[in-house]
K.L.:
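One structure is given below, represented as structure tokens, and several questions about it will come after.
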Amino acid sequence: MRKLASLFFFAILILLTGCNKDDINDLNSKYDQLSQEQQALKKEQEQQAALLKNYETLLNALQNKLTIDAVENTANGYSIIFSDGSNIALTNGHTPVFTVGDNGNWFVDGEDSGVKASGKDGQDGEDGKSPEINIIDGFWHINGQDSGIKAEAADGNDGLDAPSITDIVVLDGTMVFTFSNNTQITVPMEQTATFDYSNGIFIINEGWFGKESGSINFLRDGSNELETRLFSTTNPQDSLGNTTQFATIYNEQMYIVSKQGALVVANAKTMKEKARISSFNSLAGDGRAFCGVSEDLGLVSTSKGIYKLNLDPLTLGDKIEGITGEVGELLQYRQYVFAVAKGKIYVINTNTWTIDKTFDKGKGGLVVSKDGMVWSADGNTLLKINPLTLEMESIIMPTGVSVAHNAWAWTASSLSASKQENALYFLNGLKVYKYVIGDITSLNSPLLTLPSGRMTSGAGLNVDPYTNQVVVTTMDGWGESAAKNNIYFYDGTTGALKKNIYYEHYWFPALIVFTEQ
């Protein structure tokens, strides 16, 4: 028996060794191809199941009169959460979102289509009906009008049993879903419905004076598409003030200061308004900047000095004595608040609310470097303040190098401090300089130069505290050129350009604010 078994295995060995090597490779290739096809089929089945689940969830929401509680961004798209806790995950490609902008036009993913929301019949946008939306020759057509915006919709070939979502319209408190089989489902949105802005960059915009109030745009981490008009989208009945030049995040709330109109507080992650002081400039003076002092108290600078700001509830407090005229940036550090005015820096003791020291220098900028020193600027001089001794050191920069300063109308300074290394960054025209603290030769040449023909407005620059990238906002110029905007991302060490995002509209960017992580 053993002899027969040995002969059998020997025969098999002869057969195997007699096989051609190409035949074995061919078998292996066919096996790999079959495995890939099985994986593709599995992935397609999973996508079909997800699409079918979305469709069934939406039908359930409609039948059970559910509302939308929140819209949260995910790594692959976003999740829409209903009032019963159910949700749909939109991960099957790009789904455009249509909203009504402040100017009454339809916006496609934040881009103005130029098409009025009150369509040709005068009804759309007034009675809550969704617009007629089609893709013709690769472009979105709204109510028969070509928007000029290229469509990037799903291909509509996912099958009748699991139709894909091809567009979403947010209108008059409802969200209208349109599917590839031409069906629509309209679901009401709760007033508390929120969008998630936890990770990314806020661009605070001055606004198109005389035509639009201030606004806030957002660039999500990893995205190349700007999300626009966050505040007005989340709070359709409210608006920011005019000439919005400043905002900062304090205790998870964003304090938004405009020169005219309201001072507004919104949740920094949802942009839902929490509180406001209407006509703030009439009560205190044209708004400038804000800094938090404690859980219940902050300070706000104005064209007429500095005021305490009670945070909960939000009310205007007493004026800080001994300070008059315009005050710009504020910085709370240790037991002090540093305040830069025209040619002066005040040091306010937050224990006694007295002015402990006044420096007769300073035109703009207040930051803390990694080594714990406070910095400001006065033309071609950097000002270093020791927060323990309140002694100032003046550092004269090379000829022709200075921190940009708007001498005509107050804007925040471009002076920024790295959180990753002991260095400062600032704009001087189209040049970005990096001062490696303690090495004056680091200012002998700029770190980088912006593309010719561009110009900055507002602060124009900030340094990402997490990546150490230098972020710069620019416009092409004034007039019609002001509608052409770029956001540049540069390596904070080499000055190499990492990313460039172009977008249009008369935003007039004022300040870059990073989310808290």
Side-chain angles (χ1 to χ4, degrees), residues 99-105 107 110 112 202-218 226 228-249 253-266 268 271-290 298-307 309 314-316 325-330 364 406-413 455-460 473 475 478-483 485 503-513:
T99 57
V100 180
D102 292 342
N103 60 359
N105 289 350
F107 279 67
D112 192 344
F202 294 102
I203 308 296
I204 312 302
N205 301 306
E206 177 180 311
W208 193 359
F209 190 78
K211 295 188 177 182
E212 294 179 5
S213 61
S215 62
I216 301 175
N217 295 339
F218 188 70
L226 203 67
T228 62
R229 307 175 191 276
L230 306 189
F231 185 83
S232 59
T233 298
T234 309
N235 307 277
Q237 306 303 319
D238 297 309
S239 63
L240 300 177
N242 295 317
T243 319
T244 304
Q245 285 288 358
F246 185 87
T248 190
I249 298 173
Q253 306 299 318
M254 180 177 283
Y255 290 81
I256 308 161
V257 185
S258 301
K259 289 186 175 180
Q260 301 88 33
L263 185 152
V264 178
V265 182
M271 280 296 106
K272 191 68 179 177
E273 180 177 320
K274 179 182 178 182
R276 70 170 49 215
I277 298 178
S278 300
S279 302
F280 176 83
N281 61 312
S282 299
L283 297 173
D286 289 0
R288 293 294 183 261
F290 166 88
L299 293 181
V300 58
S301 58
T302 74
S303 59
K304 299 178 180 179
I306 303 174
Y307 289 81
L309 195 66
L314 186 69
T315 55
L316 186 64
E326 181 179 76
V327 179
E329 289 102 329
L330 301 171
N406 190 335
W408 297 277
W410 183 84
T411 64
S413 169
M455 64 174 289
T456 60
S457 66
T473 56
M475 308 183 304
W478 298 113
E480 293 183 358
S481 296
N485 305 269
Y503 60 108
E504 294 187 352
H505 190 61
Y506 296 99
W507 301 108
F508 300 100
L511 193 67
I512 301 162
V513 177

K.L.:
Nearest 0.5 Å please: distance from the CD1 atom of Ile204 over to the OG1 atom of Thr248.
P.N.:
9.5 Å
K.L.:
Run Leu316 and Leu263 through side-chain contact (heavy atoms from CB on, under 4.5 Å) and show every step you take.
P.N.:
CA-CA 10 Å; Leu316 186 64; Leu263 185 152; over 6 Å; no
K.L.:
Tell me the closest heavy-atom pair linking Gly261 and Asn281, and the distance in Å.
P.N.:
N-OD1, 3.0 Å
K.L.:
The criterion is side chain to side chain donor-acceptor pair (under 3.5 Å); which residues satisfy it with Asn217, sequence neighbours excluded?
P.N.:
none
K.L.:
Side-chain donor-acceptor pair under 3.5 Å between Gln245 and Thr411, yes or no?
P.N.:
no
K.L.:
Provide the closest heavy-atom pair for Arg288 versus Asp286 in the form atom of the first, atom of the second, distance.
P.N.:
NH1-CB, 3.4 Å
K.L.:
Do Glu212 and Ser239 come within less than 4.5 Å of each other through their side chains, counting heavy atoms only?
P.N.:
no
K.L.:
Does any part of the side chain of Phe218, heavy atoms only, come nearer than 4.5 Å to the side chain of Met271, both counted from C-beta?
P.N.:
no
K.L.:
With rounding to the nearest 0.5 Å, note down the distance linking CG in Asp238 to CD in Glu273.
P.N.:
4.5 Å
K.L.:
Just say parallel, tilted or perpendicular for the rings of Tyr255 and Phe290, cut-offs at 30° and 60°.
P.N.:
parallel
K.L.:
Of all the heavy-atom pairs spanning Trp410 and Glu326, show the shortest one and how long it is.
P.N.:
CB-OE2, 3.6 Å
K.L.:
Taking atom NZ of Lys304 and atom CG of Leu283, what is their separation to the nearest 0.5 Å?
P.N.:
10.5 Å
K.L.:
Decide yes or no for Phe280 and Val264: does some side-chain heavy atom of the first lie under 4.5 Å from some side-chain heavy atom of the second?
P.N.:
no
K.L.:
Which atoms form the tightest heavy-atom contact between Ala289 and Leu330, and what is the distance?
P.N.:
O-CD1, 3.9 Å
K.L.:
May I ask you to decide if Thr473's main-chain N or O and Asn485's side chain share a donor-acceptor pair within less than 3.5 Å?
P.N.:
no
K.L.:
Can you list the steps and then say if Tyr503 with Thr228 is a side-chain contact (heavy atoms from CB on, under 4.5 Å)?
P.N.:
CA-CA 10 Å; Tyr503 60 108; Thr228 62; 5.8 Å; no
K.L.:
How far apart are the closest heavy atoms of Ala247 and Val513, and which atoms are they?
P.N.:
O-CG2, 3.4 Å
K.L.:
For Ser215 and Arg229, indicate whether the former's side chain and the latter's backbone hold a donor-acceptor pair under 3.5 Å.
P.N.:
no
K.L.:
Roughly how far apart are Ser279 OG and Gln260 CD, rounded to 0.5 Å?
P.N.:
11.5 Å
K.L.:
How far apart are the closest heavy atoms of Ala510 and Thr244, and which atoms are they?
P.N.:
CB-O, 3.6 Å
K.L.:
Taking Asn205 for its side chain and Gly207 for its backbone only, find out whether a donor-acceptor pair lies under 3.5 Å.
P.N.:
no
K.L.:
Given 3.5 Å as the limit, does a donor-acceptor pair link the side chain of Thr234 with the main chain of Lys272, or not?
P.N.:
no
K.L.:
Over 60° means perpendicular and under 30° means parallel, so classify the ring planes of Trp507 and His505, tilted if in between.
P.N.:
perpendicular
K.L.:
Taking it one step at a time, do Tyr506 and Glu480 satisfy side-chain contact (heavy atoms from CB on, under 4.5 Å)?
P.N.:
CA-CA 8 Å; Tyr506 296 99; Glu480 293 183 358; 4.0 Å; yes
K.L.:
Within the side chain of Glu329, is there an N or O that forms a donor-acceptor pair under 3.5 Å with the backbone of Ser413?
P.N.:
yes
K.L.:
Give a yes or no on whether the backbone of Ala262 and the side-chain of Ser278 come within a donor-acceptor separation of less than 3.5 Å.
P.N.:
no
